[in-house]
Number of protein chains: 2
Amino acid sequence: MLPKFESIFSIDCVIFGFDEGALKVLLIQRNDPPFENWWALPGYFVEKNEGIQEAAERILFNFTGLTDIFLEQFYTFGDVDRHPQGRVITVAYYAMIRISSKDNLHPNTPFVKKAFWCPVNEIPALAFDHSLIFEKSLQRIRRKISYDPIAFELLPEKFTLTQLQNVYEAILNKKLDKRNFRKKMLSNGILKELDEKQHGVAFRAATFYKFDRRTYNKLFKKELTFSKE
Amino acid sequence: MLPKFESIFSIDCVIFGFDEGALKVLLIQRNDPPFENWWALPGYFVEKNEGIQEAAERILFNFTGLTDIFLEQFYTFGDVDRHPQGRVITVAYYAMIRISSKDNLHPNTPFVKKAFWCPVNEIPALAFDHSLIFEKSLQRIRRKISYDPIAFELLPEKFTLTQLQNVYEAILNKKLDKRNFRKKMLSNGILKELDEKQHGVAFRAATFYKFDRRTYNKLFKKELTFSKE
DNA sequence: CCAAAAGTGTTTTTGCTACACCCATGA
DNA sequence: TCATGGGTGTAGCAAAAACACTTTTGG
């Protein structure tokens, strides 16, 4: 039989975007206590009849209006006193979205005073244990980017190699060598060169590329397959 | 204000051990419905007033009698229908312990009919979504072993290089070259050669080594530090 | 003396690092 | 014509992979 004790649980999302050459995170300002007016990660409670992945997608949609987003669970935070009003366990997800400067986000929730894209190295003190959650998400994507092509989720479909390098540099927080970066990126065929080039720029126009997921999946499958012995 | 809906949640543990050259997992046979008599991962509900890490340690202790064990959270499973009796979200941990063939485990819980160490490639169908949980844990430790010295958690304090190689081969599920393995393991100073050797074996006695955590921590710290640019 | 595992080096290949100049474009 | 970022190759080094025989021990 199921026990009598129950807990509340929630989802918190670390939503990454890339804009103006910087890695950013979507923060919201809370409208209600506890932590009224504090900055926090977008998050909300999970309904009794929805799965947690589902809930994460719903919450992401409510805060950004976006669907079909790269969204991945990375850790669950369950200290007894992490929420001042009672026991709340939270499952943390990170998401990567393409910020388009045109359309602003319309958080579809009354709990939010405002939202903004905060550069990752300027994050203020956050409500609850959200600073910890954010730190853990950064650690995770730094490791993840070395074996999984998450960088492309932050870029438009067509991008230049310099843009791609900027994403890697922002996530890894270090400068990379341009020639070595290009050599490596182009060596395995996961990028497809397009006929199109930039235009209207006051310097040599860069070639656009796109991510070739088909080729990537082949390589990845191979990586997962063990050799005969 | 906190919402009215609440859920139950639990911890499930994938407890790895290494014995007779094989990687094994501790399974228990359930004593009660649902899934009465089915094999399952050790797990139990989290109390209202305990943190989840705490809860994982308690549950691990109840099933093995062991404390101070390598125990790490790896994923949370929250499908609505994963438990037939109601909404139960489970936080999954994996643990690594040294199986000593002498002392048997004494599960300190009435919910268990029996327990046994099951080789990872002979796992039967498991209760709930435990097969999925187990698969995910394997994926995790396979990746983890390439950058974190978790293999030592499975071995006694003193071990031979062949034993160590066996652990790597069992986790990675492939054969490794003996000379290259030794070269690599001995190249970075994280193993300390002992004066002691095997005895009573009908072949050349192997030298014992132990893991030098001090040296490892130095290397690891260095790895986390970013270079000047 | 045999069976069984311990232990040991070298060569080849591959991937990573470091490094500097010319090109195309719009203003 | 100038400022700006786009684009390119090579050499040296280090790590990984491939590969087979001798040594020690107890029975």
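Reminder, nothing fancy here: chain letters follow the sequence lines and each chain counts from 1.
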Nearest whole angstrom, please: distance from the P of C:dA18 to the NZ of A:K175.
15 Å

Might you work through the side chain to side chain donor-acceptor pair (under 3.5 Å) test for B:Q165 and B:E169, ending with a clear yes or no?
CA-CA 6 Å; B:Q165 183 173 345; B:E169 291 180 345; 2.9 Å; yes

Separation of C:dA5 C1' from B:N166 CG (nearest whole Å):
11 Å

Which residues pass the salt bridge (Lys or Arg N to Asp or Glu O under 4.0 Å) test with B:R82, sequence neighbours left out?
B:D12, B:D129

Mind listing the N/O atom pairs, protein and nucleotides 1-3 of chain D, below 3.5 Å?
none

For the pair made of CZ in B:F181 and C1' in C:dA5, what is the distance, rounded to whole Å?
16 Å

Would one find more than 12 heavy atoms of other residues, nucleotides or ligands at under 6.0 Å from atom NZ of B:K192?
no

Mind calculating the distance between CD (B:Q198) and C1' (C:dA4) to the nearest angstrom?
12 Å

Within the 6.0 Å centroid threshold, strictly below: B:W38 and B:F128
no

Any chance the rings of A:F77 and A:Y75 have centres within less than 6.0 Å?
yes

Under 4.0 Å protein heavy-atom contact, by nucleotide of nucleotides 7-17 of chain D - B base, S sugar-phosphate only:
BBBB-----SB

Taking atom P of D:dG6 as reference, at what distance in whole Å does atom NE2 of A:H199 sit?
16 Å

Could you tell me the separation between the NZ atom of A:K174 and the P atom of C:dA18, rounded to a whole number of Å?
10 Å

A:R58 to A:F63 six-membered ring, cation-pi geometry met (6.0 Å, 45°)
no

Applying ring-ring contact (aromatic ring centres under 6.0 Å, His included) between A:F159 and each of A:Y209, A:F208, A:F152, report the one that passes.
A:F152

Using 30° and 60° as the class limits, which term best fits the ring planes of A:F74 and A:Y94: parallel, tilted or perpendicular?
tilted

